[in-house]
Protein chains: 2
Amino acid sequence: MDSGFSHTQDKQPKTLADRVYTQLRAAILDGDLEPGSKISEPELAKTYGVSRSSLREAIAKLESSNLVERQANLGARVISLSNASLLEIYQVRESLEGLAARLAAQHMTTAELDNMHELLAHQRSFCKPIAEKKYQSLDFDFHSSIVLGSHNQRLIRILSRDLFELVHFYRRKFSGSGPRPDQALIEHSEIVAAITRRDGEMAEVMMRHHIRAAREHAKKSFTDDSSLTA
Amino acid sequence: MDSGFSHTQDKQPKTLADRVYTQLRAAILDGDLEPGSKISEPELAKTYGVSRSSLREAIAKLESSNLVERQANLGARVISLSNASLLEIYQVRESLEGLAARLAAQHMTTAELDNMHELLAHQRSFCKPIAEKKYQSLDFDFHSSIVLGSHNQRLIRILSRDLFELVHFYRRKFSGSGPRPDQALIEHSEIVAAITRRDGEMAEVMMRHHIRAAREHAKKSFTDDSSLTA
DNA sequence: ATTCGGAATATTGTCGACAATCCAAGGTTG
DNA sequence: CAACCTTGGATTGTCGACAATATTCCGAAT
């Protein structure tokens, strides 16, 4: 039973539309498809070697993942990101991941706790030689482990489908802004400590603080070099 | 009848798939399609007089609305609801609508405030002769007005798409359990008062309390007559 | 009789073609 | 010259048919 992040993990596709969905999502997240650019069905269908039917189904899935927006008779476009929209996402994340941390403190199994500790250790070791890409991946895995530890399926669904996808999307835009790795590591440690001692209240407070700090960091970083985003 | 929320309102469909989506959603929420029942594409395509392509697109939209679940090569089924799942939804709602209330206190325009007050007044007048259906509709509109007042598009999207749909779905199941209208009205009044005086902290506390109370009410009501759900 | 295997049937996935709608270019008119 | 209409091209929406997969039903073997 893969109770995991079905949207980020690449399960082998059982259907063509599924495969194209994965490929398209990767293309969007890697920036091969520019934000705001139009998605031409005939063109991409030929590119990926599938019929328009399959491609349209893939697009429908992308739409439900919030990565593209479709209008009737006008076609689909890759979402374009505004700074305000990123701040909105952080606001929601603060609320939901705070809840996740509290629930994780209550419900995490020992195996899940071990896994979380291991992820933190990994993160600690990779801290100094900051391989940007690798660091982001570890950070994502860490947050995911806590979200999964909440054991609230609805919460897991929402965070994975509506928010984490978008966070990935934004990150490649602001990759230069640097995720302040050292401070984040300290905060992660505090969160882990609270969860480990089953202190839900404190875990929630620390997680909310952690995400709020990231939000402020982002806010500041693009009020400075807003020219970079153009 | 149904007043203003983009996802529930039936904007005139520009496309066939859109029309079928609206019809199917209504059928599910009205109980014409049993929870857990299989969705036969050929059958429903004939029923609604459209091709399977259009119907499949409608199903895709239903899936993104969390009203049906699809498995590769196995088809789609109307979601089946467990009590545990309902409690999960309440947990997430408590967190998100609490946030919405706090933001609404900060960002609501005077027009939106007036509208909210009017909805509360409506609710007050309809309190005694409890027309179940009408009451639920008003309650929904009230909560929607606050969520919209948050002015956080991401939050609005998540609540409308992932949670309120499901709340509708559950309500017809537990319609007998009664939404404790008098107490809810008091709590609504308190929330409105806090928002009106721009007290975000208090608005969040009251909203969270309100939803937690509803959660406990539901919890109790189906631990008693769990036989009714069968 | 029960269980296993395989053919027959039904359902979903995929495709290419047609119809409806939107977009762009060019010409007409004030 | 600008604004509007027309017309041609391209894109999306919709359809019916074919292919791949799942389900059902029936017979055979233990």
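Lettering of chains follows the sequences in order, A, B, ..., and the numbering in each one begins at 1.
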When the distance from [atom1] of [X] to [atom2] of [N] is rounded to whole Å, what number comes out?
X       : N      : atom1 : atom2 : answer
B:Glu57 : D:dG13 : CD    : P     : 7 Å
B:Leu55 : D:dT14 : CG    : P     : 12 Å
B:Arg52 : C:dG16 : CZ    : P     : 17 Å
A:Tyr48 : C:dT14 : OH    : C1'   : 18 Å
A:Arg77 : C:dC23 : CZ    : C1'   : 12 Å
B:Asp18 : C:dA20 : CG    : P     : 19 Å
B:Glu41 : D:dT23 : CD    : C1'   : 16 Å
A:Tyr21 : C:dG13 : OH    : C1'   : 19 Å

Please determine whether a side-chain nitrogen or oxygen atom of [X] lies at a distance below 4.0 Å from atom OP1 or OP2 of [N].
X       : N      : value
A:Ser53 : C:dG16 : no
A:Ser54 : C:dC15 : yes
A:Lys38 : D:dT12 : yes

Where the side chain of A:Pro42 is defined as all heavy atoms beyond and including C-beta, which of D:dT12, D:dT14, C:dG16 is the nearest nucleotide?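 Per side-chain heavy atoms of A:Pro42, the pick is D:dT12.
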
Checking all strands, does A:Ile39 fall into the base, sugar-phosphate, or nothing category for heavy-atom contacts under 4.0 angstrom?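 It contacts sugar-phosphate atoms only.
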
Taking the side chain as every heavy atom from C-beta outward, state whether A:Thr15 and A:Glu57 have any atom pair closer than 4.5 Å.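 No; the side chains remain at least 4.5 Å from each other.
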
Can you tell me how far apart CZ (A:Arg171) and CG (A:Asp139) are? Round to the nearest 0.5 Å.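 Going from the CZ atom of A:Arg171 to the CG atom of A:Asp139 covers 5.0 Å.
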
Non-neighbouring partners of A:Glu43 that pass side chain to side chain contact (heavy atoms under 4.5 Å, CB included), sequence neighbours left out: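 Per chain and number, A:Glu43 pairs via side chain to side chain contact (heavy atoms under 4.5 Å, CB included) with A:Ser40, A:Thr47.
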
Under the rule for side chain to side chain contact (heavy atoms under 4.5 Å, CB included), what residues qualify as partners of A:Thr110, not counting sequence neighbours?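 Per chain and number, A:Thr110 pairs via side chain to side chain contact (heavy atoms under 4.5 Å, CB included) with no residue.
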
A:Ser65 and A:Tyr21 side chains, donor-acceptor separation under 3.5 Å: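 The answer is yes; a qualifying pair exists.
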
Checking B:His151 against B:Glu112: is there a side-chain donor and acceptor pair closer than 3.5 Å?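 Yes.
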
Any residue of residues 68-76 of chain A with a heavy atom less than 4.0 Å from an atom of DNA chain D: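 The stretch gives A:Ala72, A:Asn73, A:Gly75 as the residues lying under 4.0 Å from the strand, ordered by number.
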
Salt bridge or not between B:Arg77 and B:Glu69? Use side-chain N to carboxylate O under 4.0 Å.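 Salt bridge absent between B:Arg77 and B:Glu69.
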
